[in-house]
J.: 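First the structure, then my questions, so here it is.
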Protein chains: 2
Amino acid sequence: MSDTPEQPGTQSLQEPSLDEQIAAYQREFRDLDPQVEKVVSALGRLNRRMNVAYGRQVADLGISNAEWEVLKTLVLAGAPYRLGPGELAKRLGLTPAAMTHRIDRMAGEGLVTRDRDENNRVRVIVELTDEGRAKWLEAMRMATDFEEELLQDLSSDERGVLGELLIRLLRRVEHAQPDAGGRLTDLD
Amino acid sequence: MSDTPEQPGTQSLQEPSLDEQIAAYQREFRDLDPQVEKVVSALGRLNRRMNVAYGRQVADLGISNAEWEVLKTLVLAGAPYRLGPGELAKRLGLTPAAMTHRIDRMAGEGLVTRDRDENNRVRVIVELTDEGRAKWLEAMRMATDFEEELLQDLSSDERGVLGELLIRLLRRVEHAQPDAGGRLTDLD
DNA sequence: CCTGAAGACTTCAACACTAAAGTTCGAGCC
DNA sequence: GGCTCGAACTTTAGTGTTGAAGTCTTCAGG
């Protein structure tokens, strides 16, 4: 069902329990598969809660979740940690316009630099600063600690199984099946 | 790692493959548990993709994802499908101010009505209209079809296992353990 | 060269959300 | 009965995002 991600600053989402929710849906909508609904709703909720948690953690470092996303993307690019605004926008799923402003802010805070490419003056190069990289590292440490704790109750086998199942779903959504029975095409 | 939910209107998120991403992180950050990272990253990605998909579907019905959330919450409330703006805000994780505007729009579109409570004139009652309920039903049908298709490759057993594992994670995040070893308190 | 077309960003107007400051109504107190 | 407090919503100011329009640069012809 999804429960899209909408947190206010850092509030306490207050909703009925998962089981109550599913029971309510079944009352209102007869042909609902509870098993499917359970998986989908749990997925959505889990994700929202996690995002709230990440947001709090990076806030302690003085950066926003949005800024952290940019730092991660730049680090993922590897080595000199450079990427153009357009490329960043594509990877983050933002419009170029939003990227322009985001980079403005981050450059102002010293997390990245923004320069014109000398070889092709239409292009702009955004590069991580040492400070930006340091912030990333701190955030990364907090994030992995949190993630480790989140999965604490699961055995290694269970973690493996969970990972595999999720990846199968992801594949289904990403490669938008060449239609061998199920549609789901044009997902993105 | 999370990959927070940020889609532009309805773009094609373009990112490295999950395996590439994890490999890159390992290069940059030594003590990273690939198994944990796999689970967390898959969760985040899956969710973003799903939200994009939901957004497209409800857009075909002429409503936004945000509006659909309100419809769902009202239906979940049951029977006369009424809730105050404050209560709605709490359940959706929005500020009351945002709720005011959202209700304005939706009332303008005839999806809900907004009236003062006769017994307590400070209170406002938002009620689903028949049109709103009809929209919900259509959206619900599309959503469940999509969800069914998403899980198509998983056997009933696998769906059950996945659901249980997710719920265990959810519990860990929701009840923010009374600290018997792991922290994670104050999550929301 | 000079021109036209395409690409990569930026600027602008409109919209949605947050935080904080109002407004209005109901309740308790003396 | 009039006062004050608190609750529930709305308004305002500021930020971040989208979509469309605009600018600047490069490249392919003519």
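Residue numbers start from 1 in every chain, and the chains themselves are labelled A, B, ... in the order their sequence lines are given, proteins ahead of strands.
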J.: Does B:Arg168 have any side-chain hydrogen bond (donor to acceptor under 3.5 Å, both in side chains) partners at least two apart in sequence or in another chain, and if so, which?
T.: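 For B:Arg168, the residues satisfying side-chain hydrogen bond (donor to acceptor under 3.5 Å, both in side chains) (neighbours in sequence not counted) are A:Glu158.
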J.: Report the distance from atom CD of B:Glu67 to atom P of C:dC15, rounded to the nearest whole Å.
T.: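 Nearest whole value for this atom pair: 14 Å.
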J.: Provide a list of protein-nucleic acid N or O atom pairs under 3.5 angstrom, restricted to nucleotides 9-11 of chain C.
T.:
| residue | atom | partner | partner atom | Å |
| --- | --- | --- | --- | --- |
| C:dC9 | OP1 | A:Val124 | N | 3.4 |
| C:dC9 | OP2 | A:Gly86 | N | 3.1 |
| C:dT10 | OP1 | A:Arg114 | NH1 | 2.9 |
| C:dT10 | OP2 | A:Thr100 | OG1 | 2.8 |
| C:dT10 | OP2 | A:Arg114 | NH1 | 3.4 |

J.: Can you tell me how far C1' of D:dT17 sits from CG of A:Leu94, to the nearest Å?
T.: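 Taking CG of A:Leu94 and C1' of D:dT17, I get 8 Å after rounding.
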J.: Measuring from atom CG of B:Asp130 to atom CG of B:Leu111, what distance do you get when rounded to the nearest 0.5 angstrom?
T.: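 The CG atom of B:Leu111 is 11.5 Å from CG of B:Asp130, to the nearest 0.5 Å.
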J.: When the distance from CG of A:Asn119 to P of D:dT25 is rounded to whole Å, what number comes out?
T.: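 Interatomic distance, CG of A:Asn119 to P of D:dT25: 15 Å.
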J.: In whole Å, I'd like the distance from the CZ atom of A:Arg121 to the P atom of D:dC24.
T.: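 Distance check: A:Arg121 CZ to D:dC24 P gives 12 Å.
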J.: C:dA16 C1' sits how many Å from B:Met106 CE, rounded?
T.: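 It is 15 Å, rounded to the nearest whole Å.
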J.: More than 12 heavy atoms of other residues, nucleotides or ligands under 6.0 Å from CG of A:Asp60: yes or no?
T.: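 Atom CG in A:Asp60 is crowded, with more than 12 foreign heavy atoms closer than 6.0 Å.
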J.: Return the value, rounded to whole Å, for the distance between atom CD of A:Glu118 and atom P of D:dT26.
T.: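 Interatomic distance, CD of A:Glu118 to P of D:dT26: 10 Å.
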J.: Nearest-Å distance, CG (A:Leu92) to C1' (D:dG16)?
T.: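 Those two atoms, CG and C1', are 14 Å apart.
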J.: D:dT10 P sits how many Å from B:Leu88 CG, rounded?
T.: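 Going from B:Leu88 (CG) to D:dT10 (P), I get 11 Å.
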J.: Is there a side-chain contact between B:Thr144 and A:Asp33, using heavy atoms and a 4.5 Å cut-off?
T.: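 A side-chain contact is absent here, since even the closest heavy-atom pair is not under 4.5 Å.
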J.: Check A:Lys135 with A:Glu67, please: is the shortest side-chain N to carboxylate O separation under 4.0 Å?
T.: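 Salt bridge absent between A:Glu67 and A:Lys135.
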J.: Flag the pair B:Glu87 and B:Arg123 as a salt bridge only when some basic side-chain nitrogen lies within less than 4.0 angstrom of an acidic carboxylate oxygen.
T.: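 Between B:Arg123 and B:Glu87 there is no salt bridge, as every charged N stays at least 4.0 Å from the carboxylate O atoms.
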